Amino acid sequence: MLDIQQLRSNLDAVAEGLAKRGKPIDFTAFRTLEAERKTLQTRTQDLQAQRNSLSKQIGMLKGQGKDASEVMAQVGALGDELKASEARLGELLTEFNAILATLPNIPDDTVPVGADETANVEIKRWGTPKTFDFAVKDHTDIGEGLGQLDFVTAAKISGARFSLLKGGIARLHRALAQFMLDTHTTRHGYTEVYAPYLVNAASLFGTGQLPKFEEDLFKVLRGDQDPLYLIPTAEVPVTNIVRDEILAAEALPLKLVCHTPCFRSEAGSGGRDVRGMIRQHQFDKVELVQVVHPDQSAAAHEELTGHAEAILEALGLPYRRVVLCSGDMGFSAAKTYDLEVWLPAQDTYREISSCSNFGAFQARRMQARFRNEKNKPELCHTLNGSGLAVGRTLVAILENNQRADGSVEIPEALRPYMGGLELLAPTR
RNA sequence: GGAGAGGUGGCAGAGUGGUCGAAUGUACCUGAUUCGAAAUCAGGCGUACUGCAAGGUACCGAGGGUUCGAAUCCCUCCCUCUCCGCCA
């Protein structure tokens, strides 16, 4: 959420910043509301002040056993106007909040301006894609060839966009998550967290998935009770740990890592990546989350992205880092680096991690604060990034480490997690 | 799922219609005392909006209602605890 003060005092600058995202926002409604709000709010508060002081007099008179009917008549005279302006003010504030809740974050000054992914800027490349002396297969063919990846049965059990892993591939999937968690906790200073997979609407509002993106979520209805939602990312439960909290300055930075399944309805992704494991309704991800002092978020963003890159490097997977342009960034982000891993079957780099700095945007929605040098509550900055998407990492290993006979070499870093196994061979 | 109790400031905890944004304790900050500290004493100490300021307004789990006036009464929801049942 943006700072309402900023919108009031410097709307042009806000509009200019948001316009970088490519869809200029019409603020005429906001201006109209704001013009009405100011006078209405002072008038309402003035009436409330009169009512409060008169009511206090009634109390005093009655306490002294005196007649209060004259003062009561005075208060009664305020009634209609007070009621009307309170109601109107309530409406106005509701409309303000609705507008505010749907405004995306303002891109950071260092973000390249552009309309879509074609304007993203590659800023780093690591590793050299392997050359194969045979026709490379994609991960679906490799996995099905091994007899360890089964989309047909997954479709029978659940439907499209689910996968069933078996044997070595299932174990590799588990090994990847363990390896990532161990690396981030022992080498990068994160605290491991296990968090709920079902969350309430307030949490999703806090990180920015609600109210605008409800159709992307799986919603669980429970009769009369409030619905719960399956998490689309561990970012939601983990970041919301600090919702409505005022942290001691010494508690920052908070560095948390969490492995969860993620559930996305993929509404509107129609037809894209239907084959294979790239885009699923359910996938595992190891998520890095940091809550930091506002002065530190830019540095933390670089650091966190480096932590995700370390996993790719340890696995020997070629990748590149891209800074997303203003038009390609997510709703809540001020700046985002995507890490893209090389997929030989697609002959291209594909997103495997997205690392974002949200500035105070999420913290303001969540009211996540810390006590600053003056002992005053101040909004934290939040960041997160995939470290990494487990399913896509599995895909990358299958494709990059495939051999002519259909087997797949297991990266050395993972072998301790695979009982020393060096090769995924076909299940007989 | 059944029965009951309860949600108040950083924490504990009083307050059951009026002078309550809220006693008291504790924690914290400042000052006095001290060589220094402890103890003691004095003062300060919630969040947000608004105003040059004085001040004003809102907030006692959330949302509605009753009333001239609600932390306090009523309704709905959320959460916590205790006992029973069920269960990995």
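Just so it is clear, the structure is predicted and the values come from calculations on it, not from any experiment. Numbers restart at 1 for each chain; the letters A, B, ... are given by sequence-line order, proteins then strands.
For the 3.5 Å distance criterion, the side chains of A:Gln209 and A:Glu214 fail to qualify, holding no donor opposite an acceptor. Between the side chains of A:Asp182 and A:Tyr417, at least one donor N or O sits under 3.5 Å from an acceptor N or O.
B:C28 atom P lies 18 Å from atom CD1 of A:Ile246, rounded to whole Å. The nearest whole Å value for the distance from the CD atom in A:Glu245 to the P atom in B:G9 is 13 Å. The CD atom of A:Gln48 sits 12 Å away from the C1' atom of B:U50 (whole-angstrom rounding). Computed from coordinates, the A:Glu81 CD to B:C68 P distance equals 18 Å when rounded to whole Å. As a whole-Å value, the separation of A:Glu86 CD from B:G65 P is 10 Å.
Between the P atoms of B:U26 and B:C75, the separation comes to 39 Å (whole Å). Atom name C1', nucleotides B:A70 and B:C59: the rounded distance is 13 Å, in whole Å. Spacing of C1' atoms, B:A32 relative to B:G55, comes out at 33 Å, to the nearest Å. Using atom P as the reference point in both B:G4 and B:U8, the two lie 22 Å apart (nearest Å). Comparing B:G10 with B:A3, their P atoms sit 35 Å apart, to the nearest whole Å. Nucleotides B:A27 and B:U33, compared at atom P, are 23 Å apart to the nearest Å. One C1' atom belongs to B:U19, the other to B:C74, and the distance between them is 26 Å to the nearest Å. B:C29 sits 16 Å from B:C45 when the P atoms are compared, rounded to a whole Å.
A:Lys38 has a side-chain polar atom (N or O) that falls below the 4.0 Å cut-off from OP1 or OP2 of B:G51. Look at A:Arg369 and you won't find any side-chain N or O under 4.0 angstrom from OP1 or OP2 of B:U47. Here A:Asn52 reaches the OP1 or OP2 of B:U57: one of its side-chain N or O atoms lies under 4.0 Å away.
At the heavy-atom level, A:Gln367 lies nowhere under 4.0 Å from the strands shown. Within the nucleic acid shown, A:Arg43 has no heavy atom closer than 4.0 Å to any nucleic acid atom. Within 4.0 Å (heavy atoms only), A:Asn200 reaches no atom of the nucleic acid at all. At the heavy-atom level, A:Asp226 lies under 4.0 Å from the strands shown only through sugar-phosphate atoms. At the heavy-atom level, A:Ile58 lies under 4.0 Å from base atoms of the strands shown.
Across the interface with RNA chain B, nearest-nucleotide mapping of A:Gly59 and A:Gln41 shows A:Gly59 to be the residue nearer the 5′ end. Of the residues near RNA chain B, A:Ser55 and A:Ile4, the one whose nearest nucleotide (by heavy atom distance) lies more toward the 5' end is A:Ser55.
Atom CZ of residue A:Phe96 and atom CD of residue A:Glu91 lie 13.0 Å apart, to the nearest 0.5 angstrom.
The side chain of A:Arg371 approaches B:U47 more closely than any other nucleotide in the set B:A58, B:U47, B:U50. When distances run from any side-chain atom of A:Arg51 to the nucleotides B:A48, B:G21, B:G69, the shortest one goes to B:G69. Nearest nucleotide to the side chain of A:Ala49, out of B:C68, B:U19, B:U57: B:U57. When distances are taken from the side chain of A:Gln45 to each of B:C49, B:A58, B:G18, the shortest belongs to B:C49. For A:Gln5, taking side-chain heavy atoms from C-beta onward, the closest of the listed nucleotides B:C68, B:G56, B:C49 is B:C49. Looking at the side chain of A:Pro377, the nearest of the listed nucleotides B:U19, B:C68, B:U47 is B:U47.
Judged by distance alone, the side chain of A:Arg392 and the main-chain N or O of A:Glu351 form a donor-acceptor pair under 3.5 Å.
Relative ring orientation between A:Tyr337 and A:His301 is described as parallel, the plane-to-plane angle staying below 30° on a 0-90° scale split at 30° and 60°.
Considering A:His381, A:Arg243, A:Glu235 as possible partners of A:Gln362, the one that fulfils the side-chain hydrogen bond (donor to acceptor under 3.5 Å, both in side chains) test is A:Glu235.
Surrounding NZ of A:Lys212 are more than 12 heavy atoms belonging to other residues, nucleotides or ligands, all under 6.0 Å away.
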